[in-house]
Amino acid sequence: MRTVKLGADKIYFGEGAVKSLAELPAEKKRAYIVMSGTIQEELGQLKVVTDILEEAGWTWRANTDVEPEPCWESVRKGVAEMLEFEPDWVIGFGGGSAMDAAKAMWVFYENPQYKTLEEVMPPAPLTLRQKARVCCIATSAGTGSECTRAALIKDPIQKRKYSVREYTGRLIPDVAILEPSFSATMPRRGTVACGMDALTHCIESYVASTANTFSDAAAMGGWVAGYKALSACANEPNDLEAREAMLAASCLGGIAFTNGALGICHGVAHTFGATYNIAHGLANGIMLPYSIAFNRDRDAAVAARYEELASFVGKTNLEQVILDLRADLGVPATMKEVVPDADEFEANVDVLVEKVMTDVCTPANPVNVTEDDARLLLRTVYYGK
């Protein structure tokens, strides 16, 4: 038996979706807003949010101290503020970093008995929704964190990323808001990286060993919408129809892997990201075609699934589809382009292999991955074919 939860309890999307904040049910009406840096404030987007809240009788407090790759220390500090402020809604406002941090803070706010990331790893029992609920406002189209059961938090000391998660779906936010005007201000480079992340979620979840009818439906819809919209988002940033479609694709990708899983592309991307501070979406964009080739060449059934995805956008070879899209968007072809010190990379290979093999995403890859496979993949994505 499997448990399926197809996203947040309510998803508001399209122009004007942010106005739904006024409808959030609450008694104390205290909102703790988590952002990654001050960009939402500088763009005037925070004021849009807080004006709606204030008009509806809310008080709020904002946290802008989350890093681009959220770290444990910023989560811990946020929890301390929340315990003092006592919000009944936690709002993750921004990209995946802000939303993941908000979800992780919420976990520790509800469960103050836990003091480390290791302590909340499954199967640790989690109490949720006793103090607060969660709303996520996505300003980038990549992680789908507004509808996923996990939050990715980095431990910079151990150079490892932890997936704070709850397998029955209780960590999925109560409300997701997809306001396309908020994503239109994202720089092209960020739009591309986030978009490649969303496409990776759809592709990997479609071939994962745990794929099922429900995850397939979300993956197919997200892949088609995202593939059609990403170039327009990158080249015509004010195209709100494309932005809306890309936000929907990202959300569907999150629903797909929440109800299915991911694979070796994410296992390698997490490893490079945590070790060399490479943005997650960029790392996935570099790794994606290599992972497709690895799986396709080792399993005919997986190759057929990739062909199906290609056919949905009128193509035949998914690896080539991604290579062409990546070239058009300016995504680097190898990790060496962003991690140029080959000597350091080679010195770290054994450690990197261990991280790939222990990553939470690797076991669901449709093809079994050995240490030798991981070593080969690391070197292949680093140097290129």
Side-chain angles (χ1 to χ4, degrees), residues 28 30-41 46 49 59-140 143 145-146 148-167 170-174 270-271 273-280 355 358-361:
K28 292 186 289 186
R30 292 185 182 180
Y32 187 77
I33 306 171
V34 181
M35 295 170 285
S36 180
T38 59
I39 186 63
Q40 266 64 56
E41 184 175 11
L46 176 60
V49 167
T59 57
W60 56 273
R61 183 177 295 185
N63 179 338
T64 59
D65 294 334
V66 174
E67 305 85 353
E69 296 281 331
C71 294
W72 164 237
E73 183 61 19
S74 61
V75 169
R76 189 188 63 78
K77 290 180 179 178
V79 174
E81 287 188 355
M82 290 167 64
L83 289 170
E84 185 272 326
F85 182 58
E86 297 185 340
D88 49 358
W89 278 87
V90 182
I91 299 177
F93 182 27
S97 298
M99 293 187 286
D100 278 6
K103 287 155 69 175
M105 290 177 190
W106 175 52
V107 167
F108 285 93
Y109 173 57
E110 296 268 4
N111 299 271
Q113 71 274 20
Y114 297 130
K115 305 298 181 184
T116 67
L117 289 169
E118 289 87 349
E119 289 178 329
V120 298
M121 292 297 104
L126 298 179
T127 297
L128 297 172
R129 294 180 176 84
Q130 298 301 303
K131 298 179 180 179
R133 283 176 280 182
V134 177
C135 170
C136 282
I137 308 172
T139 64
S140 65
T143 68
S145 185
E146 68 277 5
T148 69
R149 66 185 180 192
L152 204 61
I153 306 298
K154 181 178 178 181
D155 185 333
I157 305 300
Q158 299 185 42
K159 294 186 177 180
R160 182 178 293 275
K161 290 186 176 181
Y162 288 85
S163 178
V164 179
R165 58 199 186 279
E166 204 283 327
Y167 286 122
R170 291 189 301 129
L171 202 62
I172 296 173
D174 300 273
H270 286 160
T271 296
T275 306
Y276 298 106
N277 293 316
I278 302 172
H280 177 63
K355 289 182 178 181
T358 57
D359 187 86
V360 67
C361 294

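- In this structure, the side-chain contact (heavy atoms from CB on, under 4.5 Å) partners of Ala104, at least two apart in sequence or on a different chain, are Val75, Ala151, Ile153.
- Within 6.0 Å of the NZ atom in Lys77, the count of heavy atoms belonging to other residues, nucleotides or ligands does not exceed 12.
- Looking at Lys154, His280, Lys161 one by one, the single match for side-chain hydrogen bond (donor to acceptor under 3.5 Å, both in side chains) with Glu69 turns out to be Lys161.
- Using modelled atom types, one side-chain atom of Lys115 and one backbone atom of Pro112 make a donor-acceptor pair closer than 3.5 Å.
- Remark: Tyr109 engages no residue in a ring-ring contact (aromatic ring centres under 6.0 Å, His included) (not counting sequence neighbours).
- Residues Glu110 and Arg170 are not paired through a salt bridge, judged by the lack of any N-O separation under 4.0 Å between the basic side chain and the carboxylate.
- Residues Thr148 and Lys103 meet the side-chain proximity criterion, which asks for heavy atoms closer than 4.5 Å.
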So Glu81 and Val34, side chain to side chain contact (heavy atoms under 4.5 Å, CB included) or not? Walk me through it. CA-CA 11 Å; Glu81 287 188 355; Val34 181; over 6 Å; no

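- Ring geometry, Tyr32 versus Phe85: the interplanar angle falls from 30° to 60°, so the pair is classed tilted.
- Side-chain contact check for Asn111 versus Glu119: every heavy-atom pair is 4.5 Å or farther apart.
- Ser36 places a side-chain N or O within donor-acceptor distance of the main-chain N or O of Glu67, the cut-off being under 3.5 Å.
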List the atom pairs, with distances to 0.1 Å, where a side-chain N or O of residues 89-99 and a protein N or O form a donor-acceptor pair under 3.5 Å, not counting sequence neighbours.
unit_1 : atom_1 : unit_2 : atom_2 : d
Trp89  : NE1    : Pro25  : O      : 2.8
Ser97  : OG     : Pro68  : O      : 2.1

